[in-house]
Amino acid sequence: MTDQSENIFGNLEELEVKLSRTKSWGGIETENSYGPADTSDADYAEKLGDPGTFPFTRGAYPKMYRSRMWTLRNIVGYGAPEDTRDGLEKVLASGGTGINIVVDPLTTQSIDPDHPSFGPEVGLEGCSLPTANDIDRLLDGVDLSKIDTAWHWAAMAYPMVAAVHVKRGQPLETLQGSSMPDMLQETLSGWGERLVPTVLGHKTTVDEIEYSVQNSPRWALGMPQAYDLRERGLTPAGEIALGMAFINKTLEDLVERGLHVDQIAPSLAWVSTSDIDFFEEVAKFRALRRFWATTMKDRFGAQDVRSMRLRVACHTSGKSLVYKQPLNNLTRTAIEGFAALCGGVQSLEVCTFDEPVGVPTHEARDLAIRQQQILANEVGAARVADPLGGSWYVEALTDAVETEAKAMLDQIEKIGLLKAISDGTIEQMMDDHNLKIQRELDDGERIVVGGNRFMPEEEPAPQRFTFDRTNTENHIRRFIALKGSRDQDRWRDALRTVHSVAKSGGNPIGPMIDAFVADASVGEVWGSIRVAHGLSYDPYDTLEAPLDYAD
């Protein structure tokens with residue numbers, strides 16, 4: 001690595017968005033927050049409360065962004081580890097304040113890059129990271145005990161990053177970062193039962209949360225991963241309802257294993273979207289915090305304020321963006337980002353304007369960062385906690401979203417979450433929502449600029465991001481070579497242990513870490529888990545298991 005890149009990553013702890021001004025643009029000094037003259041009203045205390053107090057409707061912290069600004073996110077991932085490393089350096093040089101990595105669909109599915117059914121797809125829409133060695137190469141010089149790395153990746157992110165930390169001689173309790181262990185959203189968001197069976201997906205999520213909170217308390221868990229659920233086809237209320245169904249079932253199972261909610265909830269962060277309806281999204285975040293706080297307190301008996309004080313990681317809506325005249329998407333993402341900040345999220349990633357076109361260009365990433373910097377320094381989004389609190393409209397919307405979410409959650413839990421997923425009930429609900437939206441678009445009742453109205457007759461094709469595939473080709477060759485050079489006995493024993501523990505019904509996350517330390521691949525580890533649960537080693541039924549799992 002160059003001295004410049006090492007300096008960028010070495011100084012990452014010092015990079016943050018800072019509140020530059022508490023006065024309005026016209027010079028009026030502002031307070032931390034505003035509210036009614038009489039805050040002793042019982043209804044105010046029960047439904048709203050001041051920012052930073054139960055039920056946290058008005059914000060997670062008393063001073064909100066005055067005490068700590070949001071984390072400015074910008075997701076990067078393409079090609080080989082070397083390519084994504086270059087992209088991360090560019091983001092940090094532009095003012096990004098975090099390392100946020102997305103892996104390619106094959107890695108997400110736990111499919112190795114040498115799978116014979118694939119090839120050109122490797123690294124095409126995310127970084128290919130089949131082994132712990134690849135993550136180590138990507139994060140060369142990044143101290144995982146000091147610098148937060150955020151992974152847009154489900155079950156395998158934690159054990160693989162943990163393996164890197166262990167290989168570097170560091171104890172698991174010092175590991176810092178975050179992942180999204182929510183496997184059920186993958187089942188519902190396109191992978192389906194063949195790739196992620198409902199029961200196995202849920203157990204894996206519970207296993208990972210249990211292991212990480214017990215062994216890596218500084219590791220944050222993006223659970224539920226409601227962003228993909230919402231993009232798949234849900235209303236704001238539906239996002240809360242289905243997300244809370246995931247949380248309730250997961251916490252119930254963890255409590256059965258002997259954990260208390262206060263051991264788990266402080267490590268959780270809701271991964272949400274901010275869509276185009278500004279006021280409705282602000283109301284959603286407010287309703288969500290209230291729903292979460294009351295659920296943690298009343299249903300699970302939480303006593304720790306950190307359990308009731310929900311953190312929200314937000315990404316603006318990729319689904320809302322339009323291919324035609326993509327520069328118009330800058331307006332959309334700016335509004336969505338503003339809604340997220342008025343709603344009080346703790347981290348924000350603004351989609352790039354060219355996301356409907358393909359992998360974002362570096363120019364588009366830079367503009368997405370600039371949008372957040374404008375929101376922080378010019379618009380005044382950070383000066384006051386809950387700036388729309390007390391608005392008759394926003395308060396009515398907040399109540400309406402919460403009421404609808406409660407009704408939907410009751411319906412889901414009456415059926416049973418896992419049954420509602422496996423029998424297609426949830427997907428049918430999402431499909432019905434999408435059909436309704438499409439009919440409104442077709443009828444002109446719902447207007448999307450460049451989508452169904454105001455479309456240019458002629459428009460040049462937008463610029464697409466391209467990169468040299470040489471690194472990817474070398475990456476695949478390096479992966480194949482690793483399989484031949486690793487300690488075969490250690491590798492074989494590690495995979496057999498993963499299989500044995502999983503088959504016995506135990507928690508296999510620890511053995512999975514050991515297997516990644518032994519240079520096993522993501523496909524081999526997940527394949528061993530699948531076999532232990534009576535499934536084919538390869539979900540595409542092309543590969544045979546590389547070893548005999550017999551004792």
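Atom-to-atom distance recorded for Thr57:OG1 and Arg289:CZ is 7.5 Å, nearest 0.5 angstrom. How far CZ of Arg306 is from CG of Asp304: 4.5 Å, rounded to the nearest 0.5 Å. Rounded to the nearest 0.5 Å, atoms CG (Asp275) and CZ (Arg332) are 10.5 Å apart.
Using a 4.5 Å heavy-atom cutoff, the side chains of Glu404 and Thr235 are in contact. Side-chain atoms of Arg290 and Thr398, non-hydrogen and from C-beta on, do get closer than 4.5 Å to each other. With contacts defined as side-chain heavy-atom distances shorter than 4.5 Å, the pair Gln346/Met64 qualifies. For the pair Trp292/Ser307, no side-chain contact is recorded, criterion being any heavy-atom separation below 4.5 Å from C-beta on. Looking at heavy atoms from C-beta onward, Arg365 lies in side-chain contact with Val76 at the 4.5 angstrom threshold. Side-chain contact check for Glu402 versus Ile240: every heavy-atom pair is 4.5 Å or farther apart. Within the 4.5 Å cutoff, no side-chain heavy atoms of Met180 are placed close to those of Tyr227. Within the 4.5 Å cutoff, the side chain of Leu367 has no heavy atoms near those of the Thr352 side chain.
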Exercise for review: Go through Glu89 and Arg85 one step at a time and tell me if the salt bridge (Lys or Arg N to Asp or Glu O under 4.0 Å) criterion holds.
Suggested key: CA-CA 6 Å; Glu89 291 173 4; Arg85 172 77 179 211; 3.3 Å; yes
Practice item. Could you give me the CA-CA distance, side-chain angles and deciding distance for Phe338 and Ser274, then say whether side chain to side chain contact (heavy atoms under 4.5 Å, CB included) is met? Key: CA-CA 9 Å; Phe338 190 35; Ser274 184; over 6 Å; no
Practice item. Test Arg232 against Asp228 for salt bridge (Lys or Arg N to Asp or Glu O under 4.0 Å), laying out the working first. Key: CA-CA 6 Å; Arg232 168 64 176 82; Asp228 284 352; over 6 Å; no
Point to revise | side chain to side chain contact (heavy atoms under 4.5 Å, CB included) between Leu288 and Leu310, intermediate numbers included | key: CA-CA 9 Å; Leu288 170 58; Leu310 176 64; 3.6 Å; yes
Practice item. Would you check, one step at a time, whether the test side chain to side chain contact (heavy atoms under 4.5 Å, CB included) holds for Leu175 with Arg218? Key: CA-CA 6 Å; Leu175 179 63; Arg218 297 171 63 192; over 6 Å; no
Point to revise | Test side chain to side chain donor-acceptor pair (under 3.5 Å) applied to Lys284 and Ser272, step by step | key: CA-CA 10 Å; Lys284 178 200 70 180; Ser272 184; 2.9 Å; yes
Exercise for review: Check step by step if salt bridge (Lys or Arg N to Asp or Glu O under 4.0 Å) holds for Glu440 and Lys436.
Suggested key: CA-CA 6 Å; Glu440 291 175 354; Lys436 177 177 180 293; 2.7 Å; yes
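Side chains of Thr107 and Asp104: a donor-acceptor N/O pair is present below 3.5 angstrom, by distance only. Side-chain atoms of Glu239 and Thr273 include no donor-acceptor pair closer than 3.5 Å. A donor-acceptor pair shorter than 3.5 Å cannot be found between the side chains of Ser216 and Glu173. For the residue pair Tyr34/Asp386, the side-chain donor-acceptor check at 3.5 Å is not satisfied. Inspection of the Gln463 and Thr361 side chains reveals no N or O donor paired with an N or O acceptor under 3.5 Å.
Using a distance-only test at 3.5 Å, with no hydrogens or angles considered, no donor-acceptor pair links the side chain of Ser189 to the main chain of Glu186. Remark: side-chain polar atoms of Thr294 are paired, donor with acceptor, to backbone N or O of Phe291 under 3.5 angstrom. Between the side chain of Arg311 and the backbone N or O of Trp270, no donor-acceptor pair lies under 3.5 Å. Without hydrogens or angle criteria, Asp182 side chain to Gln185 main chain gives a donor-acceptor distance under 3.5 Å. With Ser212 contributing its side chain and Ile209 its backbone, the two residues share a donor-acceptor pair below 3.5 Å. Side-chain N or O atoms of Arg21 include one that pairs as donor or acceptor with a backbone N or O of Ser24 at under 3.5 Å. Side-chain atoms of Arg66 do not come within 3.5 Å of backbone N or O of Leu19 as any donor-acceptor pair. No donor-acceptor pair under 3.5 Å is formed between the side chain of Asp298 and the backbone N or O of Thr295. Proximity of a side-chain donor or acceptor of Thr53 to a complementary backbone N or O of Gly49 within less than 3.5 Å is not detected. Side-chain N or O atoms of Asp83 include one that pairs as donor or acceptor with a backbone N or O of Ala80 at under 3.5 Å.
The salt bridge (Lys or Arg N to Asp or Glu O under 4.0 Å) test with Asp399 is passed by exactly one of Arg286, Lys47, Lys406: Lys47. The only option from Ser178, Ser179, Ser267 that meets the side-chain hydrogen bond (donor to acceptor under 3.5 Å, both in side chains) definition with Trp219 turns out to be Ser179.
Every residue was checked against the side chain to side chain donor-acceptor pair (under 3.5 Å) condition with Thr466, not counting sequence neighbours, and none meets it. Applying the side chain to side chain contact (heavy atoms under 4.5 Å, CB included) test to Ile75 and every residue at least two apart in sequence or in another chain returns Asn100, Val102, His152, His315, Glu349.
Taking a 6.0 Å sphere around CZ of Phe279, one finds it holds 12 or fewer heavy atoms contributed by other residues, nucleotides or ligands. Atom NZ of Lys319 is surrounded by more than 12 heavy atoms from other residues, nucleotides or ligands within 6.0 Å. Counting non-hydrogen atoms of other residues, nucleotides and ligands closer than 6.0 Å to CD of Glu31 gives a total of 12 or fewer.
Smallest separation of non-hydrogen atoms from Leu138 and Pro81: CD1-O, 3.5 Å. The minimum heavy-atom distance between Leu129 and Trp153, with the atom names listed, is O-CH2, 3.9 Å.
Checked against the 6.0 Å centroid threshold, His202 and Phe246 do not count as a close aromatic pair.
Note on Arg230 versus Glu281: salt bridge recorded, some NZ/NE/NH1/NH2 to OD/OE distance being below 4.0 Å.
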